[in-house]
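Please read the structure below before turning to the comments.
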Amino acid sequence: MYSLPNLLTISRIVVIPVIFLSVYIVAKWWALLAAVLFIIASITDYFDGYLARARGEVSAFGRLLDPIADKLLVTSALVVLLAKPDMLVTRLSLVPIIVILCREILVSGLREFLMEVHVGMPVTRLAKWKTGFQMTALSMMLLKGFWYWGGIGELLLWVAGVLTFITGYQYFQKSLDYIRKEDKAKKLAAKKEVKAVVKQTGKALKRKPAKPVKKVASKTKKA
């Protein structure tokens, strides 16, 4: 639990309150600190998995906490962007933000459902690209006002929003395919059961009735 990869994962959760405080502490240096912490936390998202595999420290705790830490970090950053007094996004960019938030909730629900039926939902290559664009966009937007190219983050946020929608649909389609497969298997099993019952009934009707047993009358001798 206290291996280096797991500590890096936990650190992403620890910095969330500090990032969120930038909404209340209206100071330029604090906003810069929040942006830098978010960037560092985003980088650890790559290194914790790499170190866990390289050091042979892959654990159930890490697999459980890693996606949770990612979702908490991303959703917190999105809330900060919306809640800051100067609002770092335009109204039009609310569309990809809503898409990202809805996708995080959708995928969490799908993972929980598929986990109950012991079906894995591995991260696709496109989902990794989505995460890269998403983290880069949020980092740039949090640096808006400190960096000349910070405004380009809003454009990258739209790219992340499109990739988010596509990957969310792919995960949802996979869940529907599993449900269809299960329904088909149940219907096939029900048909087989009905056929078996009909077959057994037909055999029972074809059987000849048993011959009645003749009663032998006992003769009594006269004394």
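Basis for what follows: all heavy atoms, side chains included, without hydrogens, waters or symmetry-related copies.
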Task: Residue pair Lys28 / Leu32, side-chain heavy-atom distance below 4.5 Å - done: no

Task: Distance in Å, Gln134 CD paired with Trp129 CH2, rounded so as to fall on 0.5 Å steps - done: 15.0 Å

Open item on the list: For the backbone of Val18 and the side chain of Ser22, can you confirm whether one donor and one acceptor N or O come within less than 3.5 Å of each other?
Closed with: no

Task: Sub-4.5 Å side-chain heavy-atom contact between Ile97 and Leu82 - done: yes

Open item on the list: Is any side-chain heavy atom of Glu154 closer than 4.5 Å to one of Met140?
Closed with: no

Task: Single-linkage hydrophobic cluster Val95~Ile98, side-chain heavy atoms < 4.5 angstrom - done: no

Open item on the list: If you apply the rule side chain to side chain contact (heavy atoms under 4.5 Å, CB included), what do you find for Thr131 with Asp70, and how did you get there?
Closed with: CA-CA 9 Å; Thr131 301; Asp70 294 343; 5.9 Å; no

Open item on the list: To the nearest 0.5 Å, what is the distance between CG on Asp48 and OG1 on Thr9?
Closed with: 3.5 Å

- [ ] Drop me the distance from Leu51's CG to Leu7's CG, to the nearest 0.5 angstrom.
- [x] 11.0 Å

TODO: Answer whether the closest heavy-atom distance between the side chains of Leu138 and Leu156 falls below 4.5 Å.
DONE: no

TODO: Could you please spell out the steps behind the side chain to side chain contact (heavy atoms under 4.5 Å, CB included) verdict for Leu73 and Phe38?
DONE: CA-CA 8 Å; Leu73 184 65; Phe38 179 83; 3.7 Å; yes

Open item on the list: Tell me whether Thr136 contacts the main-chain N or O of Phe133 through its side chain, where contact means a donor paired with an acceptor under 3.5 Å.
Closed with: no

TODO: Can you measure from CZ (Arg12) to CD1 (Ile10) and round to the nearest 0.5 angstrom?
DONE: 10.5 Å

Task: Closest non-hydrogen atom pair, Leu106 against Gly168 - done: CD2-O, 4.0 Å

Task: Pairing of Asp177 and Lys174 as salt bridge, 4.0 angstrom limit - done: no

Task: Minimal non-hydrogen separation, Ala160 against Lys130, with atom names - done: O-CG, 3.9 Å

Task: Closest non-hydrogen atom pair between Ser42 and Met135, with its separation - done: OG-SD, 3.5 Å

Task: Heavy-atom pair with the smallest gap, counting every atom of Thr167 and Thr164 - done: OG1-O, 3.0 Å

Open item on the list: Restricting to side-chain contact (heavy atoms from CB on, under 4.5 Å), what partner residues turn up for Lys71, sequence neighbours left out?
Closed with: Pro67, Glu104, Ser108

Open item on the list: Is there a path of hydrophobic side-chain contacts, each under 4.5 Å between heavy atoms of I/L/V/M/F/W/Y residues, joining Val99 to Phe172?
Closed with: no

Task: Pairs meeting criterion ring-ring contact (aromatic ring centres under 6.0 Å, His included) with involvement of residues 3-34, two or more places apart - done: Phe20-Tyr24

TODO: Mind listing the closest non-hydrogen atom pair of Leu92 and Trp158 along with its distance?
DONE: O-CZ2, 3.1 Å

Task: Nearest non-hydrogen partners of Ile13 and Ala69, listed with the distance - done: CG1-CB, 3.8 Å

Open item on the list: Taking Ile105 as the starting point, is it possible to reach Tyr171 by hopping between hydrophobic residues whose side chains are less than 4.5 Å apart?
Closed with: no

Task: same_hphob_cluster(Ile68, Ile19) at 4.5 Å side-chain heavy-atom cutoff - done: yes

- [ ] Report yes or no: do Ile16 and Val14 belong to one cluster of Ile/Leu/Val/Met/Phe/Trp/Tyr joined by side chain heavy-atom distances under 4.5 Å?
- [x] yes

Task: Non-hydrogen side-chain atoms of Thr75 and Leu101 separated by less than 4.5 Å - done: yes

TODO: Report yes if the side chains of Leu143 and Ile39 come closer than 4.5 Å at any heavy-atom pair, otherwise no.
DONE: yes

Task: Interatomic spacing from CD1 in Ile43 to CG in Leu8 - rounded to 0.5 Å - done: 11.5 Å

